[in-house]
Amino acid sequence: MTSVSMRGLRGGVGSTSLLAAVGHALHSLGERVLLVDVCPENLLRLHFNLGWTERRGWARATLDGWPWEEQAWSLGSNLFLLPYGEVNEAEETAMERRLGAEPALWRRRRASLAEHFDWLLFDLPRGHPAHAASVGPCDLPIRVVEADAACHALLQRRPERSCDLMLVNRYDPLCQLQRDVLLLWQQRHGGRLLPVNVHADAAMREALACKAPVGHYAPASLVAKDALSVAIWCLAQRARAA
Amino acid sequence: MAALPASFAMSTTAHDLDDSSTADDIGRLRAALQLPEFDYVGLGVRAEMLRALRRWPLLDELDRSDALPTTHDRQEAAA
Amino acid sequence: MTLACCFPYRRLRQRHGCSAVAALLMSMINLLAWLVLRLESHAWRALLDERQRWYPHLADKRPSPGDPLRYAVQTLWLLMIRPAAPVHSPHRNWLAAWSSVERACGRLFADVGQMPPRVRRSTRLRRGADWLERIGPRRRLLLYGVIGILAAGLALLCVTEPFDYLAQSVFVLLLWTLAMVIRRMPGRFPTLLLLVLSVIVSCRYLWWRYTATLNWNDALDLACGLILLAAESYSWLILMLGYVQTCWPLGRRPAQLTPDTRQWPSVDLFIPTYNEDLDVVRTTVYAALGIDWPQEKLRIHILDDGRRDSFRRFAAEVGVGYLARPDNRHAKAGNLNHALSHTDGELVAVFDCDHVPVHSFLQVTVGWFLRDPKLALVQTPHHFFSPDPFERNLGIFRRQPNEGDLFYGLVQDGNDMWNAAFFCGSCAVLRRSALDSVDGFAVETVTEDAHTALRLHRNGWNSAYLRVSQAAGLATASLPAHVGQRIRWARGMAQIFRIDNPLLGKGLNLLQRLCYANAMLHFLYGLPRLVFLTAPLAFLLLHAYIIYAPALMILLYVLPHMIHASLATSRMQGAYRKTFWGEVYETVLAWYIAWPTTVALFNPKKGSFNVTAKGGLIQEDQFNWKIALPCLVLAALNFLGLGFAVWRLSYGPAGEIATVIVSSLWVGYNLLIIGAAMSVAAEARQVRQSHRVQTPLPVALRLPDGHLFPGVLADYSVAGVAVRLQVPLPLSSGIEVNLLLRRGEREFAFPGIVRRYEGDLLGIGFETLSPQQKIDFVQCTFARADAWLDWHHEFGGDRPLRSFADVLKLGCEGYRRLYLHLPRPLRAPLRHFGRVGCWLGSYLPRNPLPLLSSPLPTAGP
């Protein structure tokens with residue numbers, strides 16, 4: 001089992017949509033995939049056609065004392081989704097505290113999932129350190145970035161996180177600034193940067209509006225191909241590690 | 001349990017051409033020359049990067065504050 | 001059994017529309033067959049059911065009175081070539097014997113193919129090598145000397161010993177068998193063995209020609225015979241020099257530069273132009289601007305001998321140098337020399353204005369200058385991304401090696417082995433100090449490039465050739481321009497041969513002399529080629545015995561000479577030129593080259609530099625009568641010769657029949673080669689101004705609404721691209737889209753307009769690109785480091801017989817094209833000939849079709 005985590009370097013870089021797309025692409029390549037939403041916003045489920053009113057999820061279950069493993073949704077053979085569940089602000093803080101007290105929670109759970117899945121994909125939140133920490137180290141920790149000045153500045157600020165891989169999302173080669181920033185990164189952070197850039201494609205935003213991952217909503221689009229490229233890259237990394 | 005609305009179909013024809021290896025013209029040159037170790041210096045890229053730093057003051061400022069090999073490049077370019 | 005089945009007169013008349021006579025005849029035969037034969041039997045049914053396969057040319061044809069005969073001929077043919085069931089055949093023993101021979105050959109060839117690695121592994125051989133090592137250099141030299149003398153003596157014996165029919169037959173058969181076995185061995189050493197066999201056989205042939213085939217008693221015989229012998233001696237010399245030149249191609253690879261870019265030399269990049277379009281020069285300049293070299297060490301100059309303001313403005317606009325001079329003395333060489341006097345870079349790179357360098361050009365080529373301080377020149381191949389007239393008119397572009405591939409693929413690489421690779425005027429880097437030591441580029445001849453290189457070599461400088469296509473350009477557009485260019489080369493080479501003969505003078509070693517001599521002598525092929533194309537006529541028309549020997553003896557000497565030469569050249573050159581194609585190229589040019597080279601040999605001062613026209617359009621299909629005229633005359637003469645042959649066969653003495661037949665075969669071969677040369681003269685239409693390069697690259701499209709779609713580049717030119725889409729898109733002409741192209745890690749967007757959208761092919765035109773975007777576009781397409789690398793991998797290996805068949809087919813095609821382009825009044829009488837020919841041809845038997853595919857076996861039980 002290989003674990004992948006995706007987290008935006010800053011808010012709103014589209015990491016949840018990207019995670020959904022990559023998870024779908026991995027599944028389309030015949031892999032057994034479980035997507036885990038670790039963000040209290042609980043948005044990942046919307047990419048997979050779950051109802052807005054559907055409140056269940058692993059955090060909800062943990063708070064309510066139900067078994068977490070019964071909260072997963074089967075999205076076809078070998079593609080599963082574990083939503084976060086609807087929580088209010090107080091519960092969110094409580095959950096953070098609880099995960100802080102029980103830091104190995106997800107590491108334990110991961111061990112029990114290992115034999116059922118080839119891939120575990122975690123959608124990590126920003127700003128909930130205990131949430132992120134509870135997942136533990138992943139095989140492929142990915143920072144989702146946009147090639148803009150804000151991300152560039154943030155990259156400069158956080159040398160301690162420099163072991164994470166970087167995946168450029170919403171890349172628009174028409175934009176001079178984006179081209180320049182990417183060029184700079186390729187020179188400075190060449191080893192961390194994934195060889196694939198995910199393009200800024202309107203299909204990606206439309207996919208969420210249609211409640212489907214982009215590979216399902218617009219399989220012919222470039223961004224679906226990019227997500228597939230990321231998935232293939234993941235497979236190559238696993239093969240290299242093996 | 002809610003399942004996805006329709007069957008999953010993914011076109012992989014676009015991947016008949018593997019993008020990054022096709023785009024890597026220097027890599028293909030190395031392969032054709034059978035010189036995998038052939039060292040190539042992307043001077044065009046370097047020059048373009050310096051232009052980018054000139055173009056955007058914030059990038060330049062951040063780059064100066066960064067004690068990475070940039071300064072060396074800059075001296076080299078100035079020389 | 002109905003009457004209609006036995007006597008199908010009505011059906012034939014109504015459904016197949018045959019004439020009454022044919023229908024009646026066929027019906028009668030059908031009836032007869034039903035009466036006499038047991039057509040309902042199993043065997044007959046099997047045959048009749050597969051009529052389509054066994055009688056492919058008759059199955060769907062409208063029955064005509066000649067059909068019974070056609071059926072009979074085809075049946076006979078089938079019985080002869082293809083015993084229906086080998087198991088029951090009376091020739092079973094023969095077949096078994098033959099197949100066992102085949103099997104034995106297969107085993108032998110497989111064995112032989114494994115020979116080189118086995119030899120390398122052999123311990124006994126290693127012991128031998130160790131012993132050779134131990135005996136010391138003096139004794140080793142002695143041993144080699146003795147072996148060498150023995151081998152030379154044996155070779156001398158093989159060459160000079162006169163044989164009778166039987167001995168000669170046995171000798172050539174043995175050598176041929178040996179060659180056929182050696183051919184199967186991979187590696188260079190077997191190539192050399194083939195070459196040695198060819199040298200022995202060819203020398204023997206020439207020896208025999210000099211000693212035994214001249215008739216000293218008849219003036220006409222002697223004159224014609226000597227002319228032919230001179231031509232043959234020339235060919236022999238070129239063959240031998242060619243062997244020396246190409247027996248061991250160096251295959252040099254690029255040398256690594258130092259990692260510190262501050263130590264890299266400064267380079268002046270010259271783009272000489274005279275009358276070419278600015279559009280052509282623009283692409284070259286855009287590509288040059290992207291060359292990966294320290295900015296302050298690369299200076300690009302347009303050397304404009306046309307003194308055009310538009311060029312001056314363009315140079316200023318993109319920030320490259322512009323050099324013009326008041327006069328045009330010494331054409332391109334003078335232009336380059338003028339530029340040399342105005343610049344000071346350590347190295348000089350020269351690109352013809354249509355040769356687009358790729359961005360890795362300098363880093364690939366300059367390394368050798370750092371490694372060898374006496375290196376004066378690094379030449380790379382001239383690659384053409386548009387078809388030359390041969391390729392276009394014969395439809396062989398990118399399917400077969402072109403005329404230049406032999407030179408740039410093999411000859412220069414072979415020259416490099418002997419430090420004799422020479423400058424070809426473009427796509428090369430030279431050292432300024434070397435040029436200064438020989439007073440710049442040579443101005444005395446019209447081929448300044450080779451002459452400059454010769455002088456550099458004479459002054460002790462070295463040269464290098466890198467067989468990596470790192471630039472590409474436009475081929476000559478029309479046949480006259482192509483011929484003009486070759487005339488210039490031929491004249492220039494002849495001039496150098498006269499005024500600065502490489503065989504004489506100081507500074508060159510023997511092999512350099514031979515390589516240069518071959519390069520120059522090779523262009524004198526005009527007259528000898530004309531001699532070969534007319535030689536058999538000397539006998540047929542004038543009754544001159546040009547080879548004064550019995551016909552059979554001639555065959556026993558000529559055929560081995562030709563076969564071994566083709567085997568050896570095919571082995572050495574097969575990847576770069578198909579066997580027999582050289583003869584076609586030479587035949588087209590022979591007449592045009594014969595005169596200028598002869599003149600230049602006698603008066604090297606005469607003749608001026610003519611600029612080769614590149615690009616350009618040919619509006620419609622046409623037959624270039626002017627270019628084809630020499631071929632037409634030659635063809636007419638040879639046809640006349642055939643007429644005479646018929647006459648001699650009917651009325652001549654019986655003793656001459658064999659000679660007449662051999663001469664006629666020669667004439668026939670000549671006619672087909674001439675036909676192939678003529679088919680080049682039928683110029684195909686060329687519609688686009690800017691040539692499109694077909695290279696599949698992944699691209700993407702950005703639509704105005706923000707959606708992106710992947711696609712595959714079908715072709716590109718400076719003006720636009722065609723993209724193959726994977727899904728239909730909501731696009732129509734006039735919509736603005738962005739094309740996303742990648743090179744290396746960088747991705748670029750180019751705004752364009754949809755020009756057409758048919759099927760899955762989308763045509764996009766670029767009109768609004770900024771100068772930077774134009775540079776980037778050229779960098780993503782023409783200037784990719786790998787743009788021209790795998791251009792040749794679609795060529796299959798050379799198979800001499802296949803190639804021979806191709807050339808013969810092309811010969812027939814030449815006459816067909818000639819007929820199609822004839823004026824109408826001339827065509828009418830010929831049409832009857834054609835009809836008669838087709839009618840006679842319809843009786844010829846055909847090979848049965850392959851078995852129709854039976855339904856696939858289902859998988860598993």
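So you know, we letter chains A, B, ... as the sequences are listed, proteins then strands, and number each from 1.
Rounding to the nearest 0.5 angstrom, the gap separating the CG atom in B:Leu29 from the CG atom in C:Leu789 is 5.5 Å. Within the model, atoms CD1 of B:Ile26 and CG of C:Asp292 stand 7.0 Å from one another, a figure rounded to the nearest 0.5 Å. Taking CG of B:Asp39 as the start and CD of C:Gln256 as the end, the distance is 5.0 Å to the nearest 0.5 Å.
The contact between C:Gln470 and chain B is made entirely by side chain atoms (from C-beta outward), counting heavy-atom distances below 4.5 Å. Residue contact with chain B, scored on non-hydrogen atoms closer than 4.5 Å, is absent for C:Val358. Of the two parts of C:Gln295, only the side chain, counted from C-beta on, holds a non-hydrogen atom closer than 4.5 Å to a non-hydrogen atom of chain B. In this structure, chain B has no heavy atom under 4.5 Å from any part of C:Arg467. In this structure, no portion of C:Ala787 lies under 4.5 Å from any heavy atom of chain B.
Between C:His359 and B:Tyr40 the shortest heavy-atom distance is O-OH, 3.1 Å. Heavy atoms only, all atoms of each residue included: B:Phe38 and C:Ala255 are closest at CE1-O, 3.9 Å.
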**OP:** Decide yes or no on side chain to side chain contact (heavy atoms under 4.5 Å, CB included) for C:Glu745 and B:Val45, but give the supporting numbers first.
**Re:** CA-CA 10 Å; C:Glu745 290 185 319; B:Val45 173; over 6 Å; no
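Listed for the C:Arg253 side chain is a donor-acceptor partner under 3.5 Å among the backbone atoms of B:Leu33.
For C:Trp788, the ring pair (Phe, Tyr, Trp, His ring centres under 6.0 Å) partners are C:His383, C:Phe385, C:Trp791, not counting sequence neighbours.
Listed by first then second residue, pairs satisfying side chain to side chain donor-acceptor pair (under 3.5 Å) with a partner in residues 26-37 of chain B read B:Arg28-C:Asp786, B:Arg28-C:Asp790, not counting sequence neighbours.
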